[in-house]
Structures are given as C-alpha cells and as structure tokens.
Amino acid sequence: MKNNFDVIDFLNDLNQTQKEAVEYLDGPSLIVAGAGSGKTRVLTYKIAYLLKNGYNPSSILALTFTNKAAEEMKQRVNTLLGSNISNYLEMGTFHGIFYKILRQEAEAIGFNKNITIYDTSDSQSLIKTLIASLNLNDEYYKPNLMYGRISRCKNNLLTPHKYRMSNDLQIEDSKARIPKFVDLYEAYFKQCKMQNAMDFDDLLLYANILFRDSPDILDKYMNKFKFILVDEYQDTNMSQYILIKKLSTLNNKVCVVGDDAQSIYGFRGARIENILNFKKDFPKHKLFKLEQNYRSTQTIVNAANSVIKKNEKQISKNVFSENNTGSLIQIQKALTDSEEAIIVAKGINETILSNHLPYAEIAVLYRTNAQSRNLEEALRKTNIPYKIYGGLSFYSRQEIKNVLAYVKLSVNPSDNEAFKRIVNYPSRKIGKVTIEKLQDVATQNNISLWEVIETPNAFPQLNINAGTLNRLLMFRDLVNNLKANISEQTASEYLNYLIQETGIYADLKNDKSVESMNRMENVDELINAAKNFEEEMLKDEPDADVSISSYLENVSLLTDMDNEAEEDFNKVTLMTIHSAKGLEYDHVFLVGLEEELFPSAMSRDTQAELEEERRLFYVAITRARKFLTITYASSRFRFGNLIYPSPSRFISEIDRNFVNWAENENEHKATKNIFQHYRSSNQTDYNSKGSKYVPINKTTRLKSDRFVQKPEKTEIDGERLTPDQIVVGLKIRHETFGKGKVVAVEQTGNGKTAMVHFENSGTKKLLLSFAKLYAEN
DNA sequence: GCTCAGGGCATTTTT
DNA sequence: TGCCCTGAGC
C-alpha cells in the first residue's frame with residue numbers, strides 16, 4: 001500500500017479554515033460547510049491527514065447518506081493518496097455499514113446471518129397482508145400511511161413495546177381512528193423477524209438495539225472506530241444520531257460536516273436539531289465555518305443569502321463569494337406549464353449559443369417528478385438531448401425484482417415476500433386462493449410459506465388439490481435446485497443459469513411486445529452489473545467472494561445504477577431539487593415556482609415546514625454556478641383540470657437587486673389556442689395536449705359501433721389502408737385530441753371490434769367517454 | 001386462475 | 001392525466 005501523504009500540499013490546496021478543520025484531531029468538531037465551500041475536499045483531506053497521523057484505515061468510520069457520495073469520496077481519497085486505500089476504510093452509507101455489522105452480530109439480536117432487506121414495496125405489501133389478516137378497516141389503515149408511521153416510530157427508536165407503553169400515543173391513534181395501529185406495528189415487527197428480514201429503518205433500529213443490549217459488542221466497536229466522520233449531518237435522524245453518540249463515547253473523536261441551510265429531508269425524519277444542538281451534545285467541541293463559496297457568482301450567492309436569512313432556526317454564518325458579480329437571476333412567467341417548458345427549451349438553446357455552454361452544464365430542476373413530462377416534450381421537439389434522474393429506479397423494476405426474488409428465496413427461504421412474488425412467476429397456475437391457504441397454515445404454525453411447502457404432508461389442514469399441490473412441489477424442487485448451486489458459480493453465471501432454469505428467459509423471449517423486450521434488456525443489464533461487480537471485487541482481492549449471495553448483499557442497498565452510460569455524457573439533466581443536492585451546473589433552470597408547488601404562506605401549517613420549503617428553494621438556487629433562470633406558470637392543468645396558481649412568495653423574497661423579473665407578453669400561440677378552446681368549450685374533459693410522444697404501451701379493445709365504422713372503411717381517398725394506418729381520435733375544431741392507432745379489426749357476434757393501441761390511459765379514457773357520448777346520441 | 005374495464009387516487013426520497 | 005387496484009366475468 002503506497003501512499004502520498006507527504007506529497008499533499010495542504011497549504012496550497014486548502015484555505016485557512018479548511019486547513020484548520022482538517023488538522024483538528026483532538027476532539028469532537030462540527031464543520032458547518034456552506035453551499036459550494038469545498039466540503040468534500042475537506043473530508044477527503046481529513047481522511048488523508050488521519051492516515052498520515054497513524055490512524056489505521058479500518059479504525060476510521062466515515063458515514064454518508066448515499067452510495068453516490070460514498071463512491072465519490074472513495075474515488076477522491078484514492079486519487080489523493082494514489083492507491084486503493086479506500087477499500088480498507090470503514091466508509092459507506094449508514095445503512096450499508098450497519099447492515100455489515102448486523103450480519104456479523106446477527107445472533108445477538110436473534111437473527112441469522114442471511115438477513116434479507118425489504119425495500120419500501122416489500123414492506124408495504126407485507127403491511128397490506130397484515131391489515132387484511134388483522135381485519136382492520138382499510139379505509140383508515142392505509143398501507144402507505146401505516147408504513148410511514150412505522151418508519152417514523154423506528155427512526156425515533158419507538159419499538160412496538162415502547163409504543164404500547166405510551167398512553168398519549170394510544171389516545172392519539174384513537175383520535176386518528178387507528179386505535180389498533182400498535183397491533184399492526186407489532187405484527188409487522190414480529191413478521192419481519194420471523195422472516196429474517198429487515199426494512200431500511202430496521203437496519204438502524206436493530207443496530208441501536210444491538211448496542212443497547214450487548215455492551216460487550218458496543219465495546220468492541222467503540223474500540224474499533226477510533227475516529228468517526230459524518231457527512232450531511234443535518235440530514236441525520238434520531239436513530240442515526242444515537243448511533244453516532246454511542247459509538248463515539250469512548251474516544252470522543254467525531255467530526256460531523258453539514259449545512260443546516262440545506263436540511264431538506266425533515267419529511268422523512270431528518271432532525272435539523274441534530275446539527276443545531278451539536279454544541280450541547282458535544283460540549284467540548286470545536287466549530288469550523290466554511291463560508292467562502294467557490295462555486296457561484298456573487299449575485300447567486302447573495303440572492304440565496306437574501307432568502308435564507310428569513311429563516312429563524314439556523315446557525316449564523318456569512319457565506320460569500322469572491323467570484324465575478326455575474327448576471328442577474330432571470331424570472332419568467334409562462335401562461336401554462338407547457339409554455340413554461342417551451343420557454344426553458346428556448347432558454348437552453350440561447351445559453352448554448354451566447355454563453356457557449358455544453359448540454360452537460362445545464363440542469364432543469366423541479367419539485368416533483370411528474371413535472372418532467374412537459375419538459376421532455378418541449379426538449380424533444382427542439383432536439384435538445386436530455387437525461388432524467390429519478391422516477392422508477394432500476395432495482396425497483398418488476399423484472400429485476402422477480403429475478404432477485406429467486407436469489408433472495410434461495411439465500412433466505414423464510415422470505416415470504418420473495419416467495420409470493422415468484423411462486424407464480426413465470427405462471428405456474430398457482431393463484432391467490434392457493435397462496436391464501438398456504439398463508440393461513442403458515443400463520444397458524446408461525447412458520448414461513450416455504451416451510452409449509454417444504455413438508456406439505458405435515459399439515460393435514462392444508463386443503464389443496466392434488467394438481468395444485470404437485471405444481472407447488474415442482475416449484476419447491478426448482479428452488480431447492482437453485483439453492484444447491486448457489487456457491488458453485490459466480491454471480492453472473494448464477495443469474496444466467498437462474499433465468500434459464502426458472503423459465504424467465506423463455507417467458508420474456510416468447511413475448512414479442514415492446515415491454516418484454518425492454519424487460520429482457522434490463523435483465524441482461526442486471527447480469528452485466530453482476531459481471532462488473534465480480535471484476536471490481538477480483539481486481540483488489542483475487543480470492544474475493546463473488547458468489548450470488550455476496551452480490552445480493554451488495555445490491556440490496558443499491559437504488560440506482562451509478563455507472564452513468566457514456567451516451568448520457570453530454571446531455572441536459574432533468575431532476576428534482578432533492579436529488580440535485582450536492583451537484584452543480586453552470587446554468588440552472590428552476591421551473592414550477594408556483595405557490596402550489598412551493599407552498600410558502602398559509603398552506604404550510606407550521607413554521608418548521610415553511611422553513612424547510614425555504615431551504616429547498618435555497619438548495620435549488622445554490623446549484624447554479626453562473627446563470628439561474630426561474631420560471632412559473634400562471635395556470636396549469638392538474639389532473640385534467642385548469643387551475644390558476646399564484647407565484648410562490650419565495651420568488652419575491654429574493655432581494656430585487658439580484659433579479660430581472662421579466663413579464664412575458666409573448667404568449668406562445670399554441671398554448672394560447674388550447675387555452676381559448678378550453679375557455680370557450682363547455683367540455684371539461686378533454687386532453688389539453690393532443691397526442692403524446694411516449695412509446696405505445698397500452699392495448700385496448702374499443703367496443704363501439706361508431707368507432708368500428710372507421711376501421712371498416714379501409715379506403716381513404718381511394719387508397720387502401722391497413723388497420724394500423726388508421727388513426728382514431730377526437731377532433732375539436734382543427735386539432736386532434738387524443739389519438740389511438742387501430743391495429744386490428746375483429747368480427748364478433750354483435751358487431752365489430754377494433755383493437756386500438758393507445759399511447760396512454762388518459763387518451764383511452766377520453767376516447768371511450770367520447771365514444772359513449774356519440775353512441776348515446 | 002386470468003383478463004380487462006372502471007374507480008380512486010395523487011409531494012419531495014435515500015437506504 | 002396516469003397508474004394501480006379490484007372485482008366481475010370468462
């Protein structure tokens with residue numbers, strides 16, 4: 001392991017405060033790092049400095065929130081020190097690090113080593129089952145709300161036992177008409193344990209339980225971790241906070257880095273108090289404030305300051321920039337959100353020409369993922385290349401979850417969620433009723449579904465007919481086969497074998513639809529990822545564990561493919577503000593600045609929520625290096641209805657000196673037309689945008705006399721047409737709203753049926769309602 | 001057991 | 001508008 005400690009030129013690479021923060025190793029410290037102040041640089045150098053001062057890599061615990069942040073930090077440590085030293089550091093996400101510890105110490109908390117991790121959808125599906133089996137009224141007990149509530153409890157270290165002890169909570173639940181919440185919580189808690197599974201919050205909760213109940217184990221880790229570093233401390237929740245406090249009690253060497261002004265995850269349990277109260281928690285701490293912003297122009301930094309200073313709860317600091325003054329922030333009003341998208345597209349083309357920016361240096365930020373649609377359409381029309389972050393992540397796709405469920409079940413047969421997911425995929429004619437029967441027996445005997453089919457004869461009350469039972473046994477044998485091979489092959493070999501053996505491959509290959517082809521590609525991508533994983537592992541350690549179970553451990557805590565495709569290199573980035581945290585671009589377009597999306601006044605009930613919205617706005621502004629354009633729409637279609645939002649108050653909170661607020665009189669013609677149609681028409685029920693660019697993904701039989709006539713006429717202007725050339729749609733004046741493409745015409749008993757591909761379900765709904773209306777008259 | 005039409009319902013998100 | 005869930009009917 002070679003190192004470059006002595007080569008690092010701290011004096012040249014760091015400013016005075018950064019240097020002091022890096023070199024302080026005597027006790028706890030808080031580094032308040034304003035936006036763009038070189039936070040990651042300080043952390044990286046601090047790790048290098050610790051190593052230089054004789055700290056063993058494995059005694060340094062460095063915690064981040066995202067895999068991306070951990071990955072970046074590792075890279076930078078390696079670059080700085082010229083080795084692969086980061087492999088020896090205890091560096092990773094909170095969840096990743098504690099998952100590793102919990103597997104190691106599984107026995108102490110009554111688990112076995114092969115702990116499955118349930119993602120949000122697994123958890124919610126289990127909760128749903130439990131709501132049904134506890135006979136709870138699903139009008140009040142909604143799975144996603146219950147999941148959120150349970151999550152909040154766990155993040156605050158409220159176990160079901162503690163919950164039951166609290167009278168206040170019971171009264172609160174009764175008022176909210178969910179008096180049995182605690183029963184549900186307890187059942188869920190027990191079920192997870194029985195299935196040897198943990199959800200994300202459990203990883204932190206059980207780590208707390210482990211350290212609470214096994215002092216010797218706590219002791220071991222307190223001794224092991226001589227120095228603890230925490231990134232994004234403003235986003236830690238109670239559970240994480242206690243873990244840090246506990247682990248640091250012996251050595252008292254903890255360095256936390258964060259910016260209270262960028263705390264935007266309160267809604268999922270982050271406690272800004274953790275950073276605000278650091279003083280009290282670690283009385284003998286040292287405070288460093290990184291206040292020089294190296295990222296943005298003075299205008300942008302000052303504008304952001306003028307907004308955030310309105311928050312009451314914050315650590316006082318003076319973020320400043322010595323860069324150029326830069327251009328004013330442009331604020332533009334659009335008539336509708338579609339026009340807003342067009343304005344952005346134009347703006348992108350302009351900035352490329354006049355500021356000579358590459359696409360990669362431009363980002364469009366919005367509050368909610370749904371807002372990307374209009375933008376995509378406008379960018380597509382103007383041929384601007386773009387990429388979207390967020391939405392459905394790779395690992396939450398059906399096909400990927402299905403494949404991984406086979407792996408999970410092989411590793412941990414108690415995993416009922418995996419069992420249910422694949423027992424009938426590919427189809428084995430094992431349906432709801434059979435699973436319910438299995439579930440009943442499993443519940444009665446407090447065992448897993450797998451254990452029931454392992455020895456079905458042991459359960460005489462299991463009333464399943466011979467044919468179905470036989471299919472279940474074939475499934476059992478299949479999984480047993482998979483289990484037997486688990487350590488024989490590498491991860492990618494195993495996945496290849498698995499998709500053949502289970503029939504997944506055949507299932508996807510036989511179906512020629514576009515979706516199936518996409519699915520197949522994704523499965524291939526998964527196998528590729530496994531291959532990459534093997535190569536990565538073997539590069540550093542020739543005898544590393546590259547089996548599928550090792551891969552599963554690695555992959556369970558991943559949410560995204562962090563290997564950015566090369567073709568995505570020079571593209572405009574579209575994403576939510578939340579996911580933009582930590583990133584920066586030359587030109588940022590911030591869209592949807594309506595009160596409705598950035599609620600600032602009465603619509604937020606507490607001061608705390610208002611302040612979090614303001615911090616979100618602050619984060620958005622400070623992503624920009626040179627140019628910032630803010631847009632809002634004065635009217636938008638929401639769930640098919642027209643609404644008139646007002647601009648968010650936050651816009652006017654920016655000091656006027658930094659802003660150019662141009663009222664846009666140049667309303668886009670098409671938008672205006674649609675707008676007028678909408679106003680002059682009594683109909684409130686038609687598609688405002690016409691046809692969509694999205695790939696065809698819905699097939700529907702359209703049964704309506706009127707509509708059948710269209711495909712029947714296979715001649716238009718004397719030219720013969722095949723069904724797929726005929727388009728049905730709703731015409732209003734000169735525009736067609738909603739299009740469906742007829743692909744086949746069938747003769748049935750009472751008339752003709754047209755098979756129509758719809759581009760989306762909204763169009764389908766629209767045309768069907770139109771067809772009904774037409775048929776009635 | 002499977003399919004498909006119709007009803008209900010919508011933040012932000014990492015792990 | 002779009003998507004997920006459900007229950008009726010095959």
Side-chain angles (χ1 to χ4, degrees), chain A residues 63-70 92-99 117-121 123 128 138-139 142-144 148 151 155 198-204 232 235 237 239-240 264-270 365-371 373-374 389-393 395-396 424 427-435 467-468 471 555-560 575-582 592 596-599 603-604 609 612-613 615-616 619-620 636-641 685-689 692 694 697-703 738 758-766 768-769 772:
Chain A
L63 297 165
T64 65
F65 273 80
T66 63
N67 292 307
K68 203 165 139 197
T93 63
F94 272 92
H95 294 85
I97 295 280
F98 289 108
Y99 181 40
I117 293 179
Y118 280 173
D119 67 15
T120 310
S121 68
S123 300
K128 213 171 137 192
D138 57 10
E139 204 178 315
K142 303 209 161 135
N144 60 339
S151 169
N155 287 333
M198 292 192 186
D199 64 23
F200 295 127
D201 305 310
D202 281 334
L203 293 172
L204 305 172
E232 306 277 14
D235 287 332
N237 60 34
S239 191
Q240 290 161 324
I264 53 174
Y265 284 107
F267 68 89
R268 66 170 207 232
L365 307 183
Y366 36 79
R367 179 70 203 269
T368 68
N369 281 313
Q371 287 169 274
R373 280 179 196 288
N374 284 317
Y389 280 95
L392 196 59
S393 98
Y395 290 101
S396 43
N424 197 32
S427 174
R428 301 186 177 88
K429 314 265 179 215
I430 298 167
K432 221 169 28 190
V433 179
T434 309
I435 294 171
T468 311
R471 292 195 290 272
V555 97
S556 294
L557 287 170
L558 284 187
T559 45
D560 244 313
M575 63 183 152
T576 63
I577 300 165
H578 281 89
S579 34
K581 204 166 80 161
E596 180 221 11
L597 285 158
F598 270 89
S603 43
R604 275 283 173 260
E609 283 169 325
E612 182 156 322
E613 293 297 325
R615 290 193 294 269
L616 189 64
V619 168
R636 46 199 322 262
F637 286 94
R638 188 147 200 250
F639 307 142
N641 293 316
D685 189 22
Y686 67 77
N687 188 337
S688 62
K689 296 189 198 76
K692 283 286 177 74
V694 291
N697 57 13
K698 292 252 158 74
T699 309
T700 301
R701 272 165 206 280
L702 179 57
K703 284 181 192 166
F758 292 107
E759 290 165 332
N760 57 52
S761 72
T763 317
K764 184 180 96 181
K765 241 180 217 178
L766 171 69
L768 287 175
S769 59
K772 251 184 215 161

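The shown structure was predicted, so the numbers you read here are calculated from the model rather than taken from an experiment. Quick note on labels: first sequence line is chain A, next is B, and so on, each numbered from 1.
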A.B. asks: What residues, two or more places apart in sequence or in another chain, satisfy side chain to side chain contact (heavy atoms under 4.5 Å, CB included) together with A/Ser123?
C.D. replies: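 Partners of A/Ser123 under the side chain to side chain contact (heavy atoms under 4.5 Å, CB included) test: A/Tyr118, A/Tyr147, A/Tyr188, A/Asp199.
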
A.B. asks: Check every atom of C/dC5, C/dC3, B/dT11 against the side chain of A/Lys128 and return the nucleotide holding the closest atom.
C.D. replies: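 Side chain of A/Lys128 sits closest to C/dC5.
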
A.B. asks: Give one of base, sugar-phosphate or nothing for A/Lys581, where a contact means two heavy atoms less than 4.0 Å apart.
C.D. replies: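 Contact class for A/Lys581: none.
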
A.B. asks: Which nucleotide in the list B/dT14, B/dT15, B/dC2 gets nearest to the side chain of A/Ser427?
C.D. replies: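 Looking only at heavy atoms from C-beta outward on A/Ser427, the closest nucleotide is B/dC2.
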
A.B. asks: Donor-acceptor check, side chain of A/Gln240 to backbone of A/Phe94, threshold 3.5 angstrom: yes or no?
C.D. replies: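 Between the backbone of A/Phe94 and the side chain of A/Gln240 there is no qualifying donor-acceptor contact (under 3.5 Å).
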
A.B. asks: Respond yes when some side-chain nitrogen or oxygen of A/Arg367 is under 4.0 Å from OP1 or OP2 of B/dT13, and no when none is.
C.D. replies: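 Answer no for this pair, as no side-chain N or O of A/Arg367 is under 4.0 Å from OP1 or OP2.
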
A.B. asks: Do A/Phe267 and A/Glu609 have side chains that approach each other closer than 4.5 Å (heavy atoms only, starting at C-beta)?
C.D. replies: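 Sidechains of A/Glu609 and A/Phe267: no contact.
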
A.B. asks: Are OP1 or OP2 of C/dC5 and a side-chain N or O of A/Lys142 less than 4.0 angstrom apart?
C.D. replies: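 No.
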
A.B. asks: Shortest non-hydrogen contact from A/Pro143 to A/Lys128?
C.D. replies: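 Minimum heavy-atom contact is CG-CG, 3.6 Å.
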
A.B. asks: Do any side-chain nitrogens or oxygens of A/Asn369 fall under 4.0 Å of OP1 or OP2 in B/dT13?
C.D. replies: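 Indeed, a polar side-chain atom of A/Asn369 lies that close.
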
A.B. asks: Answer yes or no for this row: A/Phe267 ring on B/dT12 base, centroids under 5.5 Å, planes under 30°.
C.D. replies: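 Here the ring of A/Phe267 and the base of B/dT12 are stacked, with centres under 5.5 Å and planes under 30°.
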
A.B. asks: If only side-chain N and O atoms of A/Thr120 are considered, is one of them under 4.0 Å from the OP1 or OP2 phosphate oxygen of B/dT15?
C.D. replies: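 A/Thr120 to B/dT15 OP1/OP2: no side-chain N or O under 4.0 Å.
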
A.B. asks: With a 4.0 Å cut-off on heavy atoms, is A/Phe65 in touch with a base, just the backbone sugar-phosphate, or nothing at all?
C.D. replies: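 The answer is sugar-phosphate, as A/Phe65 gets under 4.0 Å only of primed atoms, P, OP1 or OP2.
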
A.B. asks: Quickly work out the A/Glu139 CD to C/dC5 P distance and round it to whole Å.
C.D. replies: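 The distance from CD of A/Glu139 to P of C/dC5 comes to 19 Å, rounded to the nearest Å.
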
A.B. asks: Please tell me which of the listed nucleotides, C/dC5, B/dT15, B/dT11, lies nearest to the side chain of A/Thr368?
C.D. replies: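 Looking only at heavy atoms from C-beta outward on A/Thr368, the closest nucleotide is B/dT11.
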
A.B. asks: Return yes if the base of B/dT14 and the side-chain atoms of A/Arg268 contain a donor-acceptor N/O pair under 3.5 Å, otherwise no.
C.D. replies: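 Answer yes: a donor N or O sits under 3.5 Å from an acceptor.
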
A.B. asks: For B/dG1, does OP1 or OP2 lie under 4.0 Å from any side-chain N or O of A/Asn424?
C.D. replies: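 Checking B/dG1 against A/Asn424, no side-chain N or O comes under 4.0 Å of OP1 or OP2.
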
A.B. asks: Where the side chain of A/Thr434 is defined as all heavy atoms beyond and including C-beta, which of B/dT12, C/dT6, B/dG1 is the nearest nucleotide?
C.D. replies: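 Looking only at heavy atoms from C-beta outward on A/Thr434, the closest nucleotide is B/dG1.
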
A.B. asks: Any side-chain N or O of A/Ser556 below 4.0 angstrom from OP1/OP2 of B/dT15?
C.D. replies: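 Answer no for this pair, as no side-chain N or O of A/Ser556 is under 4.0 Å from OP1 or OP2.
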
